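Some notes on the structure that comes next.
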Amino acid sequence: MQRARPIVRKRGFDAAEFVRDHLDDGGMPVVVGDALDAWPARTRWTFEFFREHYGDDEIIANRPMFLEPDLGLAPVQARMRLADYIDYIEDARRAPRARYTVGDLDALRRDRVPLYAPIYRVLNLHPELAADVAGSTLYFMDDLFTRLPGALRGFLDRCGSPIHYLFFAPRDSVSFLHTDYWSSHAYLAQLAGRKLCVLFAPDDDENVYHGAVRNPLAVDLARFPRFAAAQPYVALLEAGDTAIVPSGWWHFVVGLSPSLTYSYNFFTTHNMADYLARMIAFLLDAAGAPAQHGDEAAAALAALREALGKDD
Ligand SMILES: O=C(O)CCC(=O)C(=O)O
Ligand SMILES: [Fe+2]
């Protein structure tokens, strides 16, 4: 990783500069230092706050995070109260108070990678918290997702890939190398603790073997020789920092301490065509599967048709 470059840090953004330098073609990732200054969550959302008010929520935590079978880690899935998960992430050497649905404590202890809860859709469970994250917007961000009809947004946020989510992470939490779904842009808003992010541009697709390189900090160059040509960009995220991950950028994130990250996926004119094409394919698929959320998906599609049909 000697050739890693630091991700640029900025403050005091304006919307046009943000889009031009970071989201349009060739746009670079950035860490914004003042994006969360006006968010009540920045001071209010602590481990203590969630333990006290939302401790009874159920958390599903996995190792690895999405139970990826190709990582050579003994798979573990555990269900527990959020309060118990917070106790665990504060010191992941302790045994969690959990009910195992895959693997067990012995399996968990066989490897240093800890449990990590992939999806906690905090605002769906507790809509009263939306104001704490300013409705998920950042002061410089033109988020086209918010212009979709409400019924469609609600459906995607409940039943699609997560639009927003809150990560409670132990030290050594790992999100293995991936790009986000539907070519969305993402931000990672660090509310507490520290994480290390390693990113690669979409141009490095082949050099990271389309994600087959899962951990860029420990690459077998005999197996993945082209990785030597990949250009890593790194950032240390501290509480108050927000990392912008533009559409198509590969990212790998590891926890350096117990931490809390609010994440949001969005689209702009730059990635709109890909995003909407994938979104509509998803809706059509869902509408054709009545056993799952078919009716809701059909209603979401109808809302989209109506919004597009309006001649205002
Ligand atoms: O572990 C993290 O904070 C990164 C999560 C992430 O990138 C994702 O789930 O898409
Ligand atoms: Fe991601």
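Just so you know, ligand 1 is whichever comes first in the structure, and atom 1 is the first atom listed for that ligand. Note that the coordinates shown come from a computational prediction; the quantities given were computed from them, not determined experimentally.
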- Message: So that I can tick it off, tell me whether Asp37 and Arg42 are bridged by a salt bridge, with the cut-off set at under 4.0 angstrom between side-chain N and carboxylate O.
- Response: no
- Task: Would you mind running through ligand 1 and noting each atom that sits below 4.0 Å from a heavy atom of Tyr116?
- Result: 1 (O), 2 (C), 3 (O)
- salt_bridge(Arg109, Asp106) N-O dist < 4.0 Å: no
- Task: Measure the acute angle between the ring planes of Tyr54 and Phe50, then classify it against the limits of 30° and 60° as parallel, tilted or perpendicular.
- Result: tilted
- Query: Taking only heavy atoms of Val253, which atoms of ligand 1 are found under 4.0 Å from at least one of them?
  - Reply: 1 (O), 2 (C), 3 (O), 4 (C)
- His164 versus Asp157, side-chain donor and acceptor atoms under 3.5 Å: yes
- Check whether the side chains of Tyr262 and Ser136 place a donor and an acceptor atom closer than 3.5 Å, and report yes or no. yes
- Is the Lys NZ or Arg CZ of Arg3 less than 6.0 Å from the centre of Phe227's six-membered ring, within 45° of the axis? yes
- Under 4.0 Å to a heavy atom of Lys195 - the qualifying atoms of ligand 1, by number: 1 (O), 2 (C), 3 (O)
- Shortest protein contact, atom 9 (O) of ligand 1 (heavy atom only): Tyr165 OH, 3.2 Å
- Message: Please determine whether a side-chain nitrogen of the Lys or Arg among Asp87 and Arg97 lies less than 4.0 Å from a carboxylate oxygen of the Asp or Glu.
- Response: yes
- Message: Do the side chains of Arg214 and Asp70 get close enough for a salt bridge, i.e. N-O under 4.0 angstrom?
- Response: yes
- Query: Polar-atom distance check: Thr261 versus ligand 1, any N or O pair below 3.5 Å?
  - Reply: no
- Message: Please report whether the ring centroid of Tyr209 lies less than 6.0 Å from that of Phe224.
- Response: yes
- Task: For ligand 1, note which part of Val245 has a heavy atom under 4.0 Å away: side chain, backbone, both or neither.
- Result: neither
- Task: Run the numbers for me: atoms of ligand 1, each under 4.0 Å from some heavy atom of His251, listed by number.
- Result: 7 (O)
- Message: Only heavy atoms of Asp180, strictly under 4.0 Å: list the atoms of ligand 1 that pass.
- Response: 10 (O)
- Query: Which ligand 1 atoms does His178 reach within 4.0 Å, using its non-hydrogen atoms?
  - Reply: 6 (C), 7 (O), 8 (C), 10 (O)
- Hey, mind stepping through Asp295 and His293 against side chain to side chain donor-acceptor pair (under 3.5 Å) and telling me if it holds? CA-CA 6 Å; Asp295 292 349; His293 313 283; over 6 Å; no
- Please confirm whether the backbone N or O of Gln231 pairs with a side-chain atom of Asp204, one donor and one acceptor, at under 3.5 Å? yes
- Task: At a cut-off of 2.8 Å, list the protein N/O/S atoms near the Fe ion (ligand 2), residue plus atom name.
- Result: His178 NE2, Asp180 OD1, His251 NE2
- Message: Could you identify the single nearest non-hydrogen protein atom to atom 1 (O) of ligand 1 and state the distance to 0.1 Å?
- Response: Ser175 OG, 2.6 Å
- Query: Which ligand 1 atoms, with their elements, are less than 4.0 angstrom from a heavy-atom of Phe167?
  - Reply: 5 (C), 9 (O)
